[in-house]
There are 2 protein chains.
Amino acid sequence: MKTVTVYDIAREANVSVATVSRVLNNTAPVKKETRERISALIEKYQFQPNALARSLIRKETGMIGFILPDITNPFFPEVLAGFDREARKMGYTYFLCDTFSTNEETLNQYERESQYISLLMEKQVDGIVMLGGRIDLSRPDPQMIREVEEAARRVPFLLLNGSLPQVGLNRVATDQKLGAVLATQHLLELGHRDIAAVGGYSAMSNTQQRLQGFRSAMREHGLQPRKEWMLQDGFSVEAGVEFTSRLLAMNPRPTAIFCLNDLVAIGALKAASRAGVRVPEELSIIGYDDIQFAANSIPELTTVSLKAAEIGRLAAETLHRMIGKKKVPKLLSVLPELVVRQSTAAVRKGG
Amino acid sequence: MKTVTVYDIAREANVSVATVSRVLNNTAPVKKETRERISALIEKYQFQPNALARSLIRKETGMIGFILPDITNPFFPEVLAGFDREARKMGYTYFLCDTFSTNEETLNQYERESQYISLLMEKQVDGIVMLGGRIDLSRPDPQMIREVEEAARRVPFLLLNGSLPQVGLNRVATDQKLGAVLATQHLLELGHRDIAAVGGYSAMSNTQQRLQGFRSAMREHGLQPRKEWMLQDGFSVEAGVEFTSRLLAMNPRPTAIFCLNDLVAIGALKAASRAGVRVPEELSIIGYDDIQFAANSIPELTTVSLKAAEIGRLAAETLHRMIGKKKVPKLLSVLPELVVRQSTAAVRKGG
DNA sequence: TACGATAATGCAACCGATTTCAAATTGGGT
DNA sequence: ACCCAATTTGAAATCGGTTGCATTATCGTA
């Protein structure tokens, strides 16, 4: 079960390995007769050139590293899928690097990021894309910063939906603020004035931007957000349940809730259902992200699409250009989109 | 910006590359003083050995190929996460190969599988794991079969939750029939007699096994499933809506529905909600798979957990053993588990 | 028939590591 | 001071391809 090499093919075809290589890559003319003889042998032995050897001398591997925080978070597979379709089309293969870390583990997420970046460099990837959105990307680990800097100096490095001001990285990101503006305006146009904003982590840049958008849209309508209706630090379904329960127990209570992501919105739906509050009749709920499930909740969730797949697609396209040493803008902005479904409705007059 | 190699280190340390390699891999004793001199240089230049060159001669890459049908299907990321945690622990990196294919594309899923397998072999992966569960894995493409056979001959190849009787592959799979028995028994114990079974694709082996489990559990209770309540060929939310709407329009209608996967069950929830039928008071609904969202639907979905993460974990562990040429059982069975939540309840007497 | 141009091919270096085998160094014991 | 064994080290082959340069074969034309 010896693996066959170019030498084996060359010997049996009575040519030099150089010629075999030429028909393999179509890199120089080869006499028709010779070419056919070699092709036949390649077919006969199902010969496949060893990508390691090839990459070693070519100094390009066609491999990319894709780093993300947690594949079971439903938003990320959408981005990944968009990336996958495009990257595949361009002939890249990618390593998936999930940096998810439980408390029991030795390494935290930053250390794992550093470790993966280092590993990817060793593997000689042609480029790296890192998907942000973790809790405290805003005050990251210095060791990780150094690793990113070093990597970015050596290979194309692209940051998705995150920011790392310490390093001048190329980025692709949705306009978070605009998304929040869209969501808030939708609620305002439905006549809501008493709007809560829940979810997110105050330390996260995306949360800050979304909140900024919320405030700015409110202000444009001459409204001042109420402090007690701004409940932060939580991005999970459970957090959504908790925040919303608290909100519903208040007096006065909001007529609409802007949830900073869909998971929180789903929690809100749940809490409303438990409290016997009908959505959207008595309470409008809007999410953010447009994860797949938003279309399947009951009622179906009105939300803001971050265009996850588009981010991924654009990432692949951009990284490819960077690898090809073409010029790309430092920041590519993707426009979010309002998706109106069933969980929002006009405010009841005299509620 | 020249990349530094063992030669550079060797020259500056006044030793041969052999010695550098020795301290790199700790593969032979090196005099303390020399070792320190070399280590210092490695540190100074942030030297990282080129994995391509190393793998080329070692004939092992630490790379694995992971093939799956569609990363946006919520079941798969769970499996992948389980695999990831374990594989990472053992020092493997993996290529993610998503074979999802739209009708507009040139290649169908089989062709893409073949293509990926071939690519992975070229990249010299140490092993391949393929996650089944596609529509017609039961009557696959001959070209794909050949490719799998060829690959399995050359590297460890593991099939997850699928079957390919044509090739004698090692497999890890949940006991699908048992899961269906568990679900059906749960319904029976709640007093239900009029049970429908909807969803799945008749041509898929997992559907056949689940249906088999359903029938067998019914028979054990002396019950005969009704043909008109067995609605197949659909695994999506939409299909679930459709099937359930039809069911609810029938007379008599079932008091409980066994959905062959969670997406269909969510569709069922939706249809019931639309029809004004309360779940679980008037209708019990049980799903299958236990995707993450099952815990977040309203009402929360009772379902059967396939132990997705466990399958993944076991896959990594098993593949590792295969790579190490250790003996592993041809089939590793994972036991499913009933997860009782809110969408099922005792049948109403005199309904 | 001879010549220069062009098409085909081969030789050998190279990519960046690991590893075998032999040589050089070191050290202990007498 | 000398010898043998144990410890360190280096030279060179190797993994499996690609590619620049030189050489040979082929062909149209003068």
Side-chain angles (χ1 to χ4, degrees), chain A residues 1-39 41-42 45-63 118-119 121-126 154-155, chain B residues 1-39 41-42 45-63 118-119 121-126 154-155:
Chain A
M1 182 44 85
K2 196 188 152 300
T3 67
V4 351
T5 73
V6 274
Y7 289 90
D8 302 320
I9 302 286
R11 187 173 341 105
E12 191 159 342
N14 263 313
V15 294
S16 75
V17 291
T19 304
V20 175
S21 176
R22 283 179 193 117
V23 348
L24 236 31
N25 302 292
N26 221 324
T27 176
V30 173
K31 208 209 297 188
K32 189 166 175 236
E33 189 205 8
T34 320
R35 166 188 308 280
E36 281 167 358
R37 189 152 29 101
I38 294 176
S39 297
L41 287 170
I42 289 176
Y45 291 114
Q46 298 271 3
F47 169 72
Q48 290 183 296
N50 182 321
L52 298 176
R54 168 178 294 175
S55 299
L56 185 55
I57 192 154
R58 284 232 188 120
K59 290 177 183 317
E60 64 172 41
T61 57
M63 307 187 307
S118 172
L119 178 70
M121 300 301 295
E122 261 186 54
K123 300 274 186 204
Q124 312 295 121
V125 295
D126 288 343
R154 292 172 130 62
V155 300
Chain B
M1 182 43 84
K2 194 188 152 301
T3 66
V4 353
T5 73
V6 275
Y7 289 90
D8 301 320
I9 302 287
R11 187 174 339 103
E12 191 159 340
N14 263 312
V15 295
S16 74
V17 291
T19 305
V20 176
S21 176
R22 284 182 192 113
V23 347
L24 235 32
N25 301 291
N26 222 324
T27 175
V30 173
K31 210 209 297 188
K32 191 168 173 233
E33 189 207 7
T34 320
R35 166 189 308 279
E36 280 166 0
R37 189 153 28 100
I38 294 175
S39 296
L41 287 169
I42 289 176
Y45 291 114
Q46 298 270 7
F47 168 72
Q48 289 182 298
N50 181 320
L52 297 176
R54 169 178 293 176
S55 299
L56 184 54
I57 192 155
R58 284 233 188 118
K59 292 179 180 315
E60 63 173 40
T61 56
M63 307 187 306
S118 172
L119 178 70
M121 300 301 297
E122 260 185 55
K123 299 274 188 206
Q124 311 296 122
V125 295
D126 288 343
R154 291 171 130 63
V155 300

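Throughout, protein chains are lettered first and strands after them, A, B, ... in sequence-line order, and every chain is numbered starting at 1. Only a predicted model underlies this, so the values are computations on that prediction, with no experimental measurement involved.
Atom CD in A:E36 sits roughly 15 Å away from atom C1' in C:dA8 (whole-Å rounding). For A:K32 and C:dA7, the NZ to P distance is 18 Å, given to the nearest whole Å. Atom CG of A:N14 is separated from atom P of C:dC11 by 12 Å (rounded to the nearest Å). Protein atom CZ of A:R11 is 19 Å distant from nucleotide atom P of C:dT9, rounded to whole Å. We find that CD1 of B:I9 is positioned 18 Å from C1' of D:dG10, with the value rounded to whole Å. Between B:R35 atom CZ and D:dT7 atom C1' there is a gap of 13 Å when expressed in whole angstrom units. Atom P of nucleotide D:dG10 and atom CD1 of B:I38 are separated by 8 Å, given to the nearest angstrom.
Side-chain atoms of B:Q48 come within 3.5 Å of backbone atoms of A:S118 as a donor-acceptor pair (strictly under, hydrogens ignored). Checked by atom type and distance alone, the side chain of A:D8 pairs as donor or acceptor with a backbone atom of A:T5 at under 3.5 Å. Within the 3.5 Å criterion, the main-chain N or O of A:T27 finds no donor-acceptor partner in the side chain of A:N25. No donor-acceptor pair closer than 3.5 Å links the side chain of A:K123 to the backbone N or O of A:M63. Under the 3.5 Å distance criterion, the side-chain polar atoms of B:T61 are matched with a main-chain donor or acceptor of B:Q124.
B:D8 comes within 4.0 angstrom of no nucleic acid atom, judged by non-hydrogen atoms across all strands. Within the nucleic acid shown, B:T34 comes within 4.0 Å of sugar-phosphate atoms alone, with no base atom in reach, counting heavy atoms only.
Across all their heavy atoms, A:E12 and A:L41 have their closest contact at OE2-CD2, 3.5 Å.
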Per-nucleotide protein contact along nucleotides 16-25 of chain C, 5' to 3', at a 4.0 Å heavy-atom cut-off (B base, S sugar-phosphate only, - neither), is BBBBB-----

